[in-house]
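Single-structure report; data block below.
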Protein chains: 2
Amino acid sequence: MKKVKQNTETGRTYGGESAADRLARQRRQFMDAGLELFGTIGYRATTVRMLCKQAGLIDRYFYKTFHDTEDLLVEVYTEAVDQIKDKVILAIAEAADLGNPELQINAGLDAFFTAYENARVARVCWLEVLGVSPRIDALYTSRIQDFGDLLLLQGKAIKPSWSLPEEETRITGIALVGAIIQSAMQWLLDDYRSPRAALVNANSRLIRSLLESGQ
Amino acid sequence: MKKVKQNTETGRTYGGESAADRLARQRRQFMDAGLELFGTIGYRATTVRMLCKQAGLIDRYFYKTFHDTEDLLVEVYTEAVDQIKDKVILAIAEAADLGNPELQINAGLDAFFTAYENARVARVCWLEVLGVSPRIDALYTSRIQDFGDLLLLQGKAIKPSWSLPEEETRITGIALVGAIIQSAMQWLLDDYRSPRAALVNANSRLIRSLLESGQ
DNA sequence: TACTTCTGATGGCGCTTGTCGTCAAATAGT
DNA sequence: ACTATTTGACGACAAGCGCCATCAGAAGTA
């Protein structure tokens, strides 16, 4: 009955790293490997062996941090979406100083499309997470909803008089997010052929026209 | 060296069916099985064995008609999308008699959302086809583009003076399709909780506001 | 009736997968 | 120096996969 513990707390240092540091580094290596593989060959084609080879680690350390490849997908997706949401919020906030609502919308959209010029991130966020499991479906819908709410909030901020029928508000926010995502998705699948400004302008016009009409 | 031919032409009748009839029936059985399984447990979880069990046939007949499960997915997806596109076009054409552009838009949207109240179809068209292979990605983008063009054409028909910068026209069409799809997707993943009319109205407003503003 | 074609059932082949165990070498604590 | 922990390399295992071959019986054909 030997203790086989290798907890974060009981573990000793190795290679100049504490147990916690090693765990964190391994996690990061697997996250990077996940983004790389999920974003290129795709989630369903990615195996544990491949992830380990890409990360330069062995499977024991994968199972120590993640339960599944699905588990890893959840974390890679969440990290990517959260980072992009932060960038968009930051861009909108910075543009607020200009006092021009249109420039604010454009700044947010530009930050969004710029972030998704990383094809791996784009592929994971839009092509790979869909239809994997009910758990991930729920995660996806919640993130889309978040973005929709952000858009609605921004719309209200720009034009306080703007209002829609109760039941259609949420749907409209989601629809706007869908417009942005779909154009970005086609952009990705078309090897980013159009200039980013065209994407920004087309979606900006769509949002502005809705804000102007619905008074 | 026996001839093992069982071509459509050389085959004889069996069970009261000609060789061509049998092939067509088997194909239909596999198409139905494909929609059922792809639309419930998902494409990546579906195996040839399952499809055969669901279709009530054995694998020999699967390989006679399809090369892959991916092959079957392509055909199931194409059939579904084509049928829905036909329904939408028909609904728009029928509403043309009323002479009211708004009613025409609503009729098309209502036909669209009605068709996608079939969760299996919706799941195949939006959650399962994405990120499977470059071949299917290309098929998907082309169908989205088709729908976008249909929308732009309809917009021009309703308001001939409507025009956008060259490069942003296609993108705008895709964005509108994205708005419709995303709201429908969230509808699906939310177990169709909202009334269909809310979806129709929210998207109709979005389209009309764009038509009105862009003059 | 004899012969050929078609069908469903069954099992097997080679391969890949997730997962676990073993073992020698490297490192750290005492 | 001695012991315990950590590491990477390697192999093994059952399970499931696509795919193919075989075989008895049903259904047509002559």
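All chains are named by letter (A, B, ...) in the order of the sequence lines, taking the proteins before the strands, and each is independently numbered beginning at 1.
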Round to the nearest Å and state the distance from [X] atom [atom1] to [N] atom [atom2].
| X | N | atom1 | atom2 | value |
| --- | --- | --- | --- | --- |
| Glu70(A) | dT17(C) | CD | P | 18 Å |
| Leu57(A) | dT7(D) | CG | C1' | 10 Å |
| Leu72(A) | dG18(C) | CG | P | 12 Å |
| Arg44(A) | dG18(C) | CZ | C1' | 19 Å |
| Gln29(A) | dT7(D) | CD | P | 11 Å |
| Met50(B) | dG18(D) | CE | P | 8 Å |
| Arg60(A) | dT6(D) | CZ | P | 10 Å |
| Phe66(A) | dG18(C) | CZ | C1' | 17 Å |

Select from Asp59(B) and His67(A) the residue whose nearest nucleotide in DNA chain C is closer to the 5' end of that strand.
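So the residue in question is Asp59(B).
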Judged by each residue's nearest nucleotide on DNA chain C, which is more toward the 5′ side, Tyr63(A) or Glu17(A)?
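First, find each residue's nearest nucleotide; the 5'-ward one identifies Tyr63(A).
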Short N-O contact, Asp68(B) and Arg135(B), less than 4.0 angstrom:
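Salt bridge between Asp68(B) and Arg135(B), a charged N being under 4.0 Å from a carboxylate O: no.
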Can you confirm whether the side chains of Thr40(B) and Arg120(B) place a donor and an acceptor under 3.5 Å from each other?
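Side chains of Thr40(B) and Arg120(B): no pair found under 3.5 Å.
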Between Gln29(B) and Arg25(B), is any side-chain donor less than 3.5 angstrom from a side-chain acceptor?
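Gln29(B) vs Arg25(B): donor-acceptor pair found between side chains.
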Is it the case that over 12 heavy atoms from other parts of the model lie below 6.0 angstrom from the CZ atom of Arg170(B)?
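No, not enclosed.
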By nearest heavy atom, map Val48(B) and Gly16(B) onto DNA chain D; which one lands nearer the 5' end?
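Residue closer to the 5' terminus by nearest nucleotide: Val48(B).
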Residue closer to the 5' end of DNA chain D, Thr47(B) versus Thr13(B) (nearest nucleotide)
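It is Thr47(B), whose closest nucleotide lies nearer the 5' terminus.
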When you measure from the side chain of [X], which nucleotide among [options] comes out closest?
| X | options | value |
| --- | --- | --- |
| Tyr61(B) | dT7(C), dG18(D), dG18(C) | dT7(C) |
| Ile58(B) | dA9(C), dG29(C), dA9(D) | dA9(C) |
| Arg49(B) | dA9(D), dG18(D), dG8(C) | dG18(D) |

Within the structure, does a side-chain N or O atom of Tyr14(B) lie under 4.0 Å from either OP1 or OP2 of dT7(C)?
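No, Tyr14(B) has no side-chain N/O under 4.0 Å of OP1/OP2 on dT7(C).
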Regarding dT27(C), can its base be found pairing with the side chain of Arg12(A) as donor and acceptor, where the two atoms are less than 3.5 Å apart?
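Check passes, donor-acceptor contact within cut-off.
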Can you confirm whether or not the ring centre of Tyr61(A) sits under 6.0 Å from the ring centre of Phe30(A)?
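Tyr61(A) vs Phe30(A): aromatic centres not under 6.0 Å.
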Counting any heavy atom closer than 4.0 Å, what does Arg22(B) reach on the DNA or RNA strands: base, sugar-phosphate only, or nothing?
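Answer is sugar-phosphate: Arg22(B) comes under 4.0 Å of backbone atoms only.
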